[in-house]
Amino acid sequence: MNSSQLGEWPGIRGQLALVTGASRGIGQAIAAALAAQGAAVVGTATTLDGAERITANFRANGARGRGAQLDVRSDSSVEALLSDIADHEGSLPTILVNNAGITRDNLLLRMKTEEWEDVVSTNLTAIYRVTKACLRGMMKARRGRIVNISSVVALSGNPGQANYSAAKAGMIGFAKSLAREVASRRITVNTVAPGFIETDMTRALDEQQVATLRDQIPSGELGSVHDVAAAVVYLVSDAGAYVTGETINVNGGLYMQ
């Protein structure tokens with residue numbers, strides 16, 4: 001199911017959404033789905049070329065949105081983006097999707113300090129940085145939806161991904177704690193944990209590798225980026241207003257809580 005097949009969910013139209021890491025894959029699908037629901041969307045990329053591609057995608061689909069360059073590891077870059085959004089969109093985001101992330105896989109005994117620190121900074125510390133920058137506007141508006149895109153490996157672990165698993169698990173604890181802090185201001189904070197999703201990375205695998213992945217999934221299928229986007233749409237809509245501090249697993253039964 002793609003974003004055009006979701007129907008309209010109440011409470012999203014007219015909102016301003018910020019989606020980090022929106023130039024491809026899951027982030028691109030989330031940005032498109034929110035725009036299809038009538039939100040104005042700012043999607044970020046690490047490069048100017050990536051930001052321009054995001055803008056072009058919105059224009060090609062007749063959607064309200066644009067791309068913006070952002071280094072989620074930089075306080076000054078985050079501050080500059082929020083200032084730019086206030087100037088150009090006239091308000092601050094009431095929907096935030098923390099999706100930007102990287103991998104630097106290695107067995108722990110071989111893992112370099114930089115591989116640990118790069119992943120934790122980009123995948124975990126960045127959500128502190130971006131969320132904090134957006135939170136004041138949400139509290140003033142007395143409405144907010146924050147969704148962190150984690151991973152099944154946050155719950156199951158995965159060899160060679162101690163850095164990535166730790167950062168993605170940290171997202172879940174962050175969401176639970178912040179949810180308790182801001183619930184009285186009508187702000188929800190949730191996590192979506194995708195499993196094996198068909199993306200550029202999985203499409204590069206050979207048939208045997210893909211078959212091995214499928215064998216681990218009870219549904220027997222890899223997920224779609226649109227499956228993840230649909231979960232985000234629910235959580236940021238009025239239908240998800242009473243759901244906070246939760247982790248929604250989108251994994252075809254790969255890992256069940």
Side-chain angles (χ1 to χ4, degrees), residues 9 11-12 15 17-22 25-31 33-34 39 43-44 72 93-103 119-135 138 143-158 161-183 185-197 199 223-257:
W9 286 71
I12 301 177
Q15 300 296 321
L18 173 60
V19 181
T20 66
I26 289 172
Q28 184 180 60
I30 292 169
L34 295 178
T44 76
V72 295
T94 49
I95 296 172
L96 169 62
V97 182
N98 287 304
N99 173 71
I102 61 170
T103 57
V119 168
V120 172
S121 177
T122 303
N123 295 10
L124 181 57
T125 308
I127 72 166
Y128 150 78
R129 187 175 290 117
V130 178
T131 303
K132 185 177 179 182
C134 293
L135 199 55
M138 293 181 183
R143 187 199 190 280
R145 300 284 187 270
I146 300 167
V147 181
N148 303 320
I149 306 302
S150 180
S151 169
V152 64
V153 303
L155 303 164
S156 66
N158 200 37
Q161 289 194 312
N163 51 0
Y164 186 75
S165 298
K168 291 297 187 178
M171 282 184 164
I172 295 173
F174 175 91
K176 290 178 180 293
S177 296
L178 184 59
R180 291 182 179 275
E181 292 181 19
V182 298
R185 299 298 184 100
R186 299 176 62 225
I187 301 169
T188 65
V189 191
N190 291 289
T191 305
V192 173
F196 294 143
I197 304 298
T199 61
S224 160
V225 293
H226 304 298
D227 295 324
V228 182
V232 173
V233 166
Y234 163 69
L235 288 171
V236 305
S237 74
D238 286 351
Y242 202 55
V243 179
T244 194
E246 288 298 325
T247 301
I248 307 297
N249 293 301
V250 183
N251 62 34
L254 176 64
Y255 183 90
M256 304 180 194
Q257 288 179 290

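Note that the coordinates shown come from a computational prediction; the quantities given were computed from them, not determined experimentally.
Residue pairs that meet the side chain to side chain donor-acceptor pair (under 3.5 Å) test with at least one member in residues 148-157, sequence neighbours left out, are Asn98-Asn148.
With contacts defined as side-chain heavy-atom distances shorter than 4.5 Å, the pair Asn123/Ile102 qualifies. Side-chain contact between Val225 and Thr199 is present, with at least one heavy-atom pair separated by less than 4.5 Å.
Across every non-hydrogen atom of Ala229 and Ala29, the tightest pair is CB-O, 3.7 Å. Among all heavy-atom pairs drawn from Ser224 and Ile197, the shortest one is C-CG2, 3.7 Å. The two residues Asn163 and Val120 come nearest to each other via the heavy atoms O-CG2, 4.4 Å.
Taking CD1 from Ile172 and CG from Asn190, the interatomic distance works out to 11.5 Å, rounded to the nearest 0.5 Å. In this structure, Ile30 CD1 and Ile149 CD1 are separated by 4.0 Å, a value rounded to the nearest 0.5 Å. The CZ atom of Arg186 lies 13.0 Å from the CE atom of Met138; values are rounded to the nearest 0.5 Å. Note that the CZ atom of Arg129 and the CG atom of Leu124 stand 10.5 Å from one another [nearest 0.5 Å]. Between Asn99 atom CG and Thr44 atom OG1 the span is 8.5 Å, to the nearest 0.5 Å. Thr125 OG1 to Phe174 CZ: the interatomic distance, rounded to the nearest 0.5 Å, is 10.5 Å.
Formation of a donor-acceptor pair under 3.5 Å by the Thr20 side chain with backbone atoms of Ala100 is found in this model.
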Run the side chain to side chain contact (heavy atoms under 4.5 Å, CB included) check on Lys168 and Gln161 step by step: do they pass? CA-CA 10 Å; Lys168 291 297 187 178; Gln161 289 194 312; over 6 Å; no

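Considering Ile95, Val97, Ile127, Leu135 in turn, Leu135 is the only one that fulfils the side chain to side chain contact (heavy atoms under 4.5 Å, CB included) rule with Ile146.
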Identify every side-chain donor-acceptor pair in residues 250-257 under 3.5 Å, counting partners at least two apart or on other chains, and give the distances.
| residue | atom | partner | partner atom | Å |
| --- | --- | --- | --- | --- |
| Asn251 | OD1 | Gly253 | N | 2.8 |
| Asn251 | OD1 | Leu254 | N | 3.1 |
| Asn251 | ND2 | Tyr255 | O | 2.9 |
| Gln257 | OE1 | Asn249 | ND2 | 3.0 |

Which atom pairs, donor and acceptor, lie under 3.5 Å between side-chain atoms of residues 230-241 and protein residues at least two apart or in another chain?
| residue | atom | partner | partner atom | Å |
| --- | --- | --- | --- | --- |
| Ser237 | OG | Tyr234 | O | 2.8 |
| Ser237 | OG | Ala239 | N | 3.1 |

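The side chain to side chain contact (heavy atoms under 4.5 Å, CB included) check on Arg185 picks up Met139, Arg142, Ile187, with sequence neighbours excluded. Not counting sequence neighbours, the partners of Glu181 by the side chain to side chain contact (heavy atoms under 4.5 Å, CB included) test are Leu178. Every residue two or more places apart in sequence or in another chain that forms a side chain to side chain contact (heavy atoms under 4.5 Å, CB included) with Ala179 is listed here: Val189, Thr244.
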